[in-house]
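The structure under discussion appears below in the form of structure tokens.
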Amino acid sequence: MFERLLWLTLAAAVVTILLLCWRRWHRPSFWFAVGYPVAAISVRVTWRKVALGCGLTKKRQRFWFTTVPGLISSTGTVRVKRRFQRVTVDTKPWMWLPLPTRHGWRVTVHTLEGQVPADYSAAAERLAHSWGVHAVRVSSPRPGRVVLAVTVRDPLVRIDDLPPSPDLLKVTVGRLETGHPWEIDFRTVPHWLNAGATQSGKSNLANALIVGLASQPVALVGFDLKGGVEFTPYASRLSALATSRNECVGLLDDLVALMTDRMETCRDAGARNLWQLDDHHRPVPVVVLVDELAELYLMADKSEKDEIARTSTALLRIAQLGRAFGIYLFCCGQRIGSDLGPGVTALRAQCSGRICHRVNDPETATMTLGDLDPAALVSARAIPSETPGVAIVASQDGQWYRARSFYVSETTAEYAAQRHAHLTPSWAEVMTPRLGDTVRDLHAA
């Protein structure tokens, strides 16, 4: 008997070691073969208790056989009879079978009367702790249904290298918490606002964007209010670079004039936007990279008031009208607050793409994400400093996600800029439609 128990213990230990090795060396196949079936059974079996503990059940009347005490007989015993009557029970929402995903599972739940998706969003953290998973996200594809997307472990702890970007004006810069690629597509979301404190990953994201766009037939324009220390190493791939407020004002005037010329070109051709023109007559798209956005709005004295107003108006005009004419904005800043003036608030309203890294003050997170979803604001303020590159992203599908950008060093971005320097159109070539005008040469040598 003892020998048989010893062999069973040894066999169990071997199987456990093999399973642990399988999970370590090929986690995806282990999850689909072993982890998901166990999790699906556990979720279905415990759903009633979990829903009751998370406050997702409803009181309903049901007919049921109940035990009712009767009269006491002469022998002193209580005669008990069963009666069919209405009782109050806790009813759980109907849950479908969980479906596996790469990093967890998703399941559709039928809401009970009086419930809305916000009830499940409020209980998402409690659901995550009840199931022992990393996070639970809630979405509603149609009325009466909510989808619980469960992430078993954080997929942003370790991410891959930056892949190439084959599509025009689309760059894969990282990974979403769902495991899908994080893409910045200027054709779909033309203007972006990127906020983040020092060492939060904001500059790394700009590097990834430069690497992805360097090989594409686009013109890159830089606004570097740090005196040029950020974008000067990439000057060989920049068609124009402004490093002071005075240069920024002149370059913004050129961009507004370029946008006006492209309006006339589209109107003469009967096109509603740049992309309805044929390939031979379509001007090159322009991506404007702005670093330290707050420096464009800070005012030391009243003498700068007119210059700031001029800058704010030009940038807002580009944000409002530039998409149709191939001019796109990617604005970065450590701090974006309402105290910078109404121009920043108006610009934010035009930037449908929002990225919020770790920030030092809650107002920046509120300005970046506050008008989207309160839960996104809470997640942004919970980003730890030990995870640079992690951000909250308002995606093009109308949802928000945690995401992390691929690590791209300054050396890698500088090499990409020099390698594809031959694709850089000069600022004079970009401004070619302005025949007869004198064009400032802002291209960095």
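For clarity, every value in this text was computed on a predicted model and none was experimentally measured. What's counted below: heavy atoms across the whole structure, side chains too, no hydrogens, waters or symmetry copies.
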Per-pair distances, 0.1 Å, donor-acceptor, side chain in residues 310-330, under 3.5 Å, sequence neighbours excluded:
unit_1 : atom_1 : unit_2 : atom_2 : d
R310   : NE     : D253   : OD2    : 3.4
R310   : NH2    : D253   : OD2    : 2.2
T311   : OG1    : E307   : O      : 2.9
T313   : OG1    : A309   : O      : 2.8
Y328   : OH     : W275   : NE1    : 3.1

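- Across all their heavy atoms, V138 and A124 have their closest contact at CG2-CB, 4.4 Å.
- With hydrogens and angles ignored, the 3.5 Å screen pairs a side-chain donor or acceptor of Q115 with a backbone N or O of L56.
- A distance of 12.0 Å separates OG1 in T46 from CG in L52, rounded to the nearest 0.5 Å.
- In this structure, D90 does not pair ionically with K58, as no charged nitrogen and carboxylate oxygen lie closer than 4.0 Å.
- At least one test fails for R106 against the ring of W96: distance under 6.0 Å to the centre or angle within 45° of the axis.
- L127 has its side chain within reach of V50: a pair of non-hydrogen atoms, C-beta onward, lies under 4.5 Å apart.
- Remark: side-chain polar atoms of R404 are not paired, donor with acceptor, to backbone N or O of G389 under 3.5 angstrom.
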Query raised in the report: Passes side-chain contact (heavy atoms from CB on, under 4.5 Å), L289 versus V287? Steps please.
Result: CA-CA 6 Å; L289 306 173; V287 178; 4.0 Å; yes
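- Within the model, atoms OG of S244 and CD of E295 stand 11.5 Å from one another, a figure rounded to the nearest 0.5 Å.
- At distances below 3.5 Å, not a single donor-acceptor pair connects side-chain atoms of T368 with backbone N or O atoms of A365.
- With hydrogens and angles disregarded, a donor-acceptor distance shorter than 3.5 Å links the side chain of R358 to the backbone of T198.
- The closest donor-acceptor contact from the side chain of R262 to the backbone of N273 lies at 3.5 Å or more, if one exists at all.
- No more than 12 heavy-atom neighbours from other residues, nucleotides or ligands sit within 6.0 angstrom of CD on Q199.
- Here the closest non-hydrogen pair linking L347 and C331 is CD2-SG, 4.4 Å.
- Using modelled atom types, no side-chain atom of E429 and backbone atom of P425 make a donor-acceptor pair closer than 3.5 Å.
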Requested in this report: I would like to know whether W47 and W131 meet side-chain contact (heavy atoms from CB on, under 4.5 Å); could you show each step before the answer?
Outcome: CA-CA 10 Å; W47 173 234; W131 287 329; 3.9 Å; yes
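- The salt bridge (charged side-chain N to carboxylate O under 4.0 Å, His left out) check on R153 picks up nothing, with sequence neighbours excluded.
- Proximity of V286 to S239: side-chain heavy atoms (C-beta onward) are nowhere separated by under 4.5 Å.
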Report task. Apply side-chain contact (heavy atoms from CB on, under 4.5 Å) to the pair L293 and L193, showing each step before the final yes or no. Result -> CA-CA 10 Å; L293 179 65; L193 194 62; 4.0 Å; yes
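- Nearest heavy atoms, T412 versus S409: OG1-OG, 2.9 Å.
- With contacts defined as side-chain heavy-atom distances shorter than 4.5 Å, the pair Y234/E414 qualifies.
- Closest non-hydrogen pair, S236 versus A417, comes out as OG-O, 3.3 Å.
- Heavy atoms of other residues, nucleotides or ligands lying less than 6.0 angstrom from CZ of R419 number 12 at most.
- Between I392 and I383 the shortest side-chain heavy-atom distance falls below 4.5 Å.
- Contact check for M367 versus R335: no side-chain heavy atoms found under the 4.5 Å cut-off.
- The side-chain heavy atoms of K202 and I355, taken from C-beta on, include no pair separated by under 4.5 Å.
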Query - side-chain contact (heavy atoms from CB on, under 4.5 Å) assessment of F186 paired with V171 - result: CA-CA 9 Å; F186 288 100; V171 181; 5.6 Å; no
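- In this pair, H422 and H420 present their aromatic rings tilted. The plane angle is within the 30 to 60° band.
- Within 6.0 Å of the NE2 atom in H180, the count of heavy atoms belonging to other residues, nucleotides or ligands does not exceed 12.
- Put simply, the side chain of W400 does not reach to within 4.5 Å of the side chain of L369, judged on heavy atoms.
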Under 3.5 Å, sequence neighbours excluded: what are the donor-acceptor pairs made by side chains of residues 210-228?
unit_1 : atom_1 : unit_2 : atom_2 : d
Q216   : OE1    : L169   : N      : 2.5
Q216   : NE2    : D167   : O      : 3.2
Q216   : NE2    : K170   : O      : 3.4
Q216   : NE2    : G212   : O      : 3.3
D224   : OD1    : K226   : N      : 3.1
D224   : OD2    : V229   : N      : 3.3
D224   : OD2    : E230   : N      : 2.8
D224   : OD2    : F231   : N      : 2.9
K226   : NZ     : E230   : OE2    : 3.2

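- With Y36 contributing its side chain and P98 its backbone, the two residues share a donor-acceptor pair below 3.5 Å.
- What you find for T188 and D185 is that their closest heavy atoms are OG1-OD2, 3.0 Å.
- To the nearest 0.5 Å, atom OG1 of residue T108 and atom CG of residue L97 are 10.5 Å apart.
- Judged purely by atom type and a 3.5 angstrom limit, T151 has no side-chain atom pairing as donor or acceptor with the backbone of D154.
- Note that the CZ atom of R402 and the NE2 atom of H134 stand 4.5 Å from one another [nearest 0.5 Å].
- Remark: side-chain polar atoms of D119 are paired, donor with acceptor, to backbone N or O of V116 under 3.5 angstrom.
- In this structure, the separation between CE on M263 and CG on D261 is 10.0 Å, given to the nearest 0.5 Å.
- The environment of F32 atom CZ is dense: over 12 non-hydrogen atoms of other residues, nucleotides or ligands sit within 6.0 angstrom.
- For the pair L156/W182, no side-chain contact is recorded, criterion being any heavy-atom separation below 4.5 Å from C-beta on.
- One finds the CG atom of L296 at 10.0 Å from the CG atom of D291 (value rounded to the nearest 0.5 Å).
- Across A51 and K92, no two heavy atoms sit closer than the pair CB-CB, 4.3 Å.
- Using a distance-only test at 3.5 Å, with no hydrogens or angles considered, no donor-acceptor pair links the side chain of S42 to the main chain of V38.
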